[in-house]
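First the structure, in the form of structure tokens, and then the observations on it.
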Amino acid sequence: MASTVSFSPANVRVLQGRSCHGHAAFGSCSPVPRTGSRTRSTAVRVSSEQEAAAAVRAPSGRSIEECEADAVAGRFPAPPPLVRPKAPEGTPQIRPLNLTKRPRRNRRSPALRSAFQETTISPANFVLPLFIHEGEEDTPIGAMPGCYRLGWRHGLLDEVYKARDVGVNSFVLFPKVPDALKSQSGEEAYNDNGLVPRTIRLLKDKFPDIVVYTDVALDPYSSDGHDGIVREDGVIMNDETVYQLCKQAVSQARAGADVVSPSDMMDGRVGAIRAALDAEGFHDVSIMSYTAKYASSFYGPFREALDSNPRFGDKKTYQMNPANYREALLETAADEAEGADILLVKPGLPYLDVIRLLRDNSALPIAAYQVSGEYSMIKAGGALNMIDEEKVMMESLMCLRRAGADIILTYFARQAATVLCGMRSN
């Protein structure tokens with residue numbers, strides 16, 4: 001049986017500031033004392049609603065109730081006159097073109113352009129390349145403004161922390177190896193206590209959720225500066241190099257690498273590395289193959305960063321001819337058949353057609369490497385006020401995505417992610 005509550009002035013004072021459910025009121029909610037009649041309470045509420053409605057008026061100054069009454073009676077106000085913006089003086093008076101399709105209709109406002117945007121980009125699409133060395137201090141790279149050889153124990157961790165803060169969670173490591181550890185056969189590449197394995201273990205300990213990519217090639221470890229073992233007549237030995245690369249990939253996987261990335265361009269190395277990883281139980285470690293890596297002039301700043309210029313000759317006998325397009329299909333077919341998980345094109349922006357070629361001919365994820373020369377040119381143009389660095393940076397990355405790249409290896413990763421997060425890029 002419901003109880004009856006009598007409202008005395010004391011009771012009203014107690015309930016002031018309380019909601020109808022006995023909780024503290026949200027806004028102003030004063031109780032209406034019962035005087036024995038529900039009709040009076042209802043009348044007070046209706047009167048209050050009428051006053052509120054009367055306070056809301058149309059732009060013409062008439063109340064909502066008045067407008068509704070006119071609508072019920074069929075009396076509608078005349079729409080405002082259509083005013084067309086005037087063309088500038090001297091504009092010719094012509095008959096409109098008889099066009100059934102006008103693509104500009106879908107571009108006429110920011111909301112429409114955003115709704116119909118075909119390509120999107122986010123920090124999840126970026127892989128940040130990191131240069132590491134044995135020293136404690138971070139050393140600036142002259143040809144790559146804003147990039148450093150990071151001390152593997154301190155500067156590296158700080159850079160990864162900052163990148164993760166703006167959504168970048170994938171990183172690829174490139175070591176600057178002391179000359180004393182280099183040799184013609186690159187044995188340091190598979191030293192389990194070498195710079196790269198130590199760095200992987202440290203990163204996985206501090207940031208277990210990040211994705212660590214590694215570079216599989218002998219050039220950072222070779223006293224000759226080539227990606228493979230060099231015979232006395234200058235020939236780069238293929239099968240012997242692949243044998244060394246397999247040991248390097250297994251060492252990196254043992255340290256905790258998520259993705260190993262053979263960049264050497266030796267024939268058959270993807271299949272051999274896949275077999276070596278599986279034989280050691282690393283079935284879950286992925287292979288990102290440098291499928292179409294061209295003998296490009298855009299790599300100059302990178303080689304300065306790692307001090308890995310060839311001691312003699314060039315890399316044209318194993319890296320692809322920049323003039324070749326169809327040859328990328330041969331490399332794609334081979335890498336797919338051998339077990340690659342990701343296919344990479346390097347360089348990026350000058351090779352958009354090759355990125356699209358791989359995208360149209362493979363169901364595997366496609367990666368693009370926006371290399372050091374691309375990065376440095378944009379930085380230099382921005383420093384000279386010849387271009388808007390931030391806008392060109394974002395446009396170049398969007399173009400790589402539009403061409404078909406699922407992920408982009410770029411030195412702009414943290415800066416671009418900062419822009420995408422709506423923060424200042426500098």
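As a basis for the values below, the full set of heavy atoms in this structure was taken, side chains included, without hydrogen atoms, waters or symmetry mates.
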Report yes if some heavy atom in the side chain of [X] is under 4.5 Å from a heavy atom in the side chain of [Y]; otherwise report no.
{"X": "K176", "Y": "I132", "result": "no"}
{"X": "S362", "Y": "E336", "result": "yes"}
{"X": "T418", "Y": "Q415", "result": "no"}
{"X": "L195", "Y": "L181", "result": "no"}
{"X": "V212", "Y": "V259", "result": "no"}
{"X": "Y213", "Y": "D258", "result": "no"}
{"X": "F126", "Y": "F171", "result": "no"}
{"X": "I121", "Y": "L420", "result": "yes"}

Task: salt bridge (Lys or Arg N to Asp or Glu O under 4.0 Å) between E159 and R414, intermediate numbers included - done: CA-CA 9 Å; E159 183 67 19; R414 183 158 73 88; 3.0 Å; yes

Point-to-point distance, once rounded to the nearest 0.5 Å, from [atom1] of [X] to [atom2] of [Y]:
{"X": "L343", "Y": "N361", "atom1": "CG", "atom2": "CG", "answer": "10.5 Å"}
{"X": "E331", "Y": "L358", "atom1": "CD", "atom2": "CG", "answer": "10.0 Å"}
{"X": "M144", "Y": "S372", "atom1": "CE", "atom2": "OG", "answer": "5.0 Å"}

For [X], salt bridge (charged side-chain N to carboxylate O under 4.0 Å, His left out) partners two or more places apart:
{"X": "D264", "value": "R269"}
{"X": "D158", "value": "K162"}
{"X": "R201", "value": "none"}
{"X": "D267", "value": "none"}

- [ ] Could you tell me how the ring of F174 sits relative to the ring of Y369: parallel (under 30°), tilted (30 to 60°) or perpendicular (over 60°)?
- [x] tilted

- [ ] Determine the interplanar angle of the H226 and Y318 rings, folded into 0 to 90°, and report it as parallel if under 30°, tilted if 30 to 60°, perpendicular if over 60°.
- [x] perpendicular

Taking side chain to side chain donor-acceptor pair (under 3.5 Å) as the test, write out the residues that go with [X], two or more places apart.
{"X": "E187", "result": "S183, S185"}
{"X": "R75", "result": "D70"}
{"X": "S396", "result": "Q370"}

Open item on the list: Strictly by side chain to side chain donor-acceptor pair (under 3.5 Å), give each pair with a member in residues 275-285 just once, sequence neighbours left out.
Closed with: R274-D278

Task: Trace of the salt bridge (Lys or Arg N to Asp or Glu O under 4.0 Å) decision for K379 with E389 - done: CA-CA 7 Å; K379 281 288 185 181; E389 178 187 318; 2.9 Å; yes

Atom pairs and distances, side-chain donor-acceptor, residues 84-106, under 3.5 Å, sequence neighbours left out:
residue: T91; atom: OG1; partner: P88; partner atom: O; Å: 2.7
residue: R102; atom: NH2; partner: L97; partner atom: O; Å: 3.2

- [ ] Kindly state whether the ring of Y294 and the ring of Y299 have centres lying under 6.0 angstrom apart.
- [x] no

TODO: Run the ring-centre check on F207 versus Y161 and record whether the distance is less than 6.0 Å.
DONE: no

TODO: Taking all heavy atoms of I200 and all of G256, pick out the closest pair and write down the distance.
DONE: CG2-C, 3.6 Å

Open item on the list: Less than 4.0 angstrom from a charged side-chain N to a carboxylate O is my criterion; do D219 and K315 meet it?
Closed with: yes

Open item on the list: A71: which residues meet the side-chain contact (heavy atoms from CB on, under 4.5 Å) condition with it, sequence neighbours left out?
Closed with: F76

Open item on the list: Checking D406 now: which residues fulfil side-chain contact (heavy atoms from CB on, under 4.5 Å) with it, not counting sequence neighbours?
Closed with: R359, P365, I366

- [ ] Please name all residues satisfying ring pair (Phe, Tyr, Trp, His ring centres under 6.0 Å) with F412, sequence neighbours left out, ordered by chain then number.
- [x] Y375

Open item on the list: One pair to check against salt bridge (Lys or Arg N to Asp or Glu O under 4.0 Å): E134 and R153. What are the steps and the verdict?
Closed with: CA-CA 9 Å; E134 293 282 6; R153 273 192 287 245; over 6 Å; no

